[in-house]
Protein chains: 2
Amino acid sequence: MKKLTKVEEQVMQIIWKLERCLMRDIIEELGEPDTPRSTITSVVRILNNKGFVGHKAYGRTYEYFPLISKEDYSRQTLKGLVSNYFDGSVNRLVSFLAKENDIDLKDLNDMLKQLDQTEKDEENDA
Amino acid sequence: MKKLTKVEEQVMQIIWKLERCLMRDIIEELGEPDTPRSTITSVVRILNNKGFVGHKAYGRTYEYFPLISKEDYSRQTLKGLVSNYFDGSVNRLVSFLAKENDIDLKDLNDMLKQLDQTEKDEENDA
DNA sequence: GCTTTATGGCGTAAAAATACGTTAAACATT
DNA sequence: AATGTTTAACGTATTTTTACGCCATAAAGC
């Protein structure tokens, strides 16, 4: 899958958030008055060319919407990160985070217990 | 911090791996015969301009080495990913991984216990 | 309904990333 | 040492990304 560049990603985040939107919504949401609107439209156009967003014409104005979900893209990105920086091992990533004290171990334990419980519930449902 | 592009990252990975290296080491390690060496040298030159790698001249030939550690860069990238795709919550990231079955919960539990133990050991040392 | 102001698609300029050819030095072979 | 071969720094061409101006339309004010 193609990778988003810095600015593309910024705009894409907005389109993901708004789901279906007009140019004005994107510009309003971005709210950076220093960037000219014409620059934003360019980026949207390129996102469109690259297949990240689609558009539907309403008269002369377009409605834009994502063609790839944020979740799919983050999954892909995360996979790449793990493969490049953590020897392809997700556990290594988590262990890195833990060592960095980015996660509270107790929190995580609680969370895991909950997930574990969810799994058991699903088993019972089946 | 500046972000590496696709090709830059590829070359950077090699320089991180080799630590201190000559052009020929990088090219050998890359081992993609379809990419001309001159292209690689360009990328290295740009990495140098961007401050990712330094060089030391030995006569007419340069020895290259990373100026930023792989760990630092991955930390930074990960932080960005979490902030952009997981509402800034690392726990949310881990929970995502767990739901995707990318991590085995049991493995993770064992790992956490070990980390927990390490912390206690460190407390005893102090 | 005419003038003024805002909107946004489009073409394209400017900057950055990627790709390659040339060439001069380094090394090998005789 | 003279010749051929490999190496890699450098300059630049090409492509992609980023940024803007223009202008036709739409909307607002009078």
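Each chain gets a letter, A, B and so on, in the order its sequence line appears, and its residues count up from 1.
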In whole angstrom, what separates [X]'s [atom1] from [N]'s [atom2]?
X     : N      : atom1 : atom2 : answer
A:E63 : C:dG8  : CD    : C1'   : 15 Å
A:I46 : D:dC20 : CD1   : P     : 14 Å
A:M23 : D:dT25 : CE    : C1'   : 16 Å
A:I40 : D:dT18 : CD1   : C1'   : 11 Å
A:L22 : C:dG8  : CG    : P     : 7 Å
B:E9  : C:dA16 : CD    : P     : 21 Å
B:Y62 : C:dA26 : OH    : P     : 12 Å
B:N48 : D:dA9  : CG    : P     : 10 Å

Notebook entry, point to check: Want to settle it: does A:R24 or B:V43 sit nearer the 5' end of DNA chain C, counting the closest nucleotide to each?
Noted result: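 The 5'-side residue here is A:R24.
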
Check: How is B:T35 classified with respect to the nucleic acid when contacts are heavy atoms under 4.0 Å: base, sugar-phosphate, or nothing?
Finding: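 Here B:T35 touches no strand at all.
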
Margin query: Under 4.0 Å, heavy atoms only, any strand: does B:K50 hit a base, just the sugar-phosphate, or nothing?
Written below: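 Result for B:K50 = sugar-phosphate.
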
Side chain of [X] only, please: which of [options] is the nearest?
X    : options               : result
A:E8 : C:dC10, D:dA9, D:dT17 : D:dT17
B:T5 : D:dA9, C:dG9, C:dA17  : C:dA17
B:V7 : D:dA9, C:dT18, C:dG8  : C:dT18

Notebook entry, point to check: More than 12 heavy atoms of other residues, nucleotides or ligands under 6.0 Å from CD of B:E29: is that the case?
Noted result: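 Atom CD in B:E29 is packed in, count exceeds 12.
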
side-chain N/O [X] vs [N] OP1/OP2, d < 4.0 Å:
X     : N      : answer
B:K6  : D:dT16 : no
A:Y64 : C:dG9  : yes
A:R37 : C:dG8  : yes

Item checked: Donor-acceptor pair between A:Q76 and A:K3 side chains, under 3.5 angstrom ->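 Absent: no donor and acceptor within the cut-off.
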
Note to self: With a 3.5 Å cut-off and heavy atoms only, can you find an N or O donor on one side and an acceptor on the other between the side chain of B:S42 and the base of D:dC10?
What the structure shows: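 For B:S42, whose side chain was compared with the base of D:dC10, there is no donor-acceptor pair (under 3.5 Å).
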
Margin query: Can you say whether a donor on the side chain of A:S38 sits under 3.5 Å from an acceptor on the base of D:dC22, or the other way round?
Written below: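 No, the side chain and the base share no sub-3.5 Å donor-acceptor pair.
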
Margin query: Just verifying a value: how many Å separate B:C21 SG and B:H55 NE2, rounded to the nearest 0.5 Å?
Written below: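 B:C21 SG to B:H55 NE2: 13.0 Å, rounded to 0.5 Å.
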
Notebook entry, point to check: When you match A:T39 and B:V44 each to their closest nucleotide on DNA chain D, which lands nearer the 5' end?
Noted result: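 Its nearest nucleotide lies further toward 5', so the answer is B:V44.
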
Notebook entry, point to check: Hey, which of these two, B:R45 or B:D25, hits DNA chain D nearer its 5' end, going by closest nucleotide?
Noted result: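 Closer to the 5' end of DNA chain D: B:D25.
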
Notebook entry, point to check: Do you reckon A:F86 sits in the same ILVMFWY cluster as A:V90, going by side-chain contacts under 4.5 Å, direct or chained?
Noted result: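 In one cluster with A:F86: A:V90, yes.
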
Notebook entry, point to check: A:F96 and A:Y85: side-chain contact (heavy atoms from CB on, under 4.5 Å), yes or no, with the steps?
Noted result: CA-CA 11 Å; A:F96 175 83; A:Y85 293 96; over 6 Å; no

Next item on the list: If the plane angle is over 60° it's perpendicular, under 30° parallel, otherwise tilted; pick one for A:Y73 and A:F52.
Entry: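 Rings of A:Y73 and A:F52: perpendicular, as their planes differ by over 60°.
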
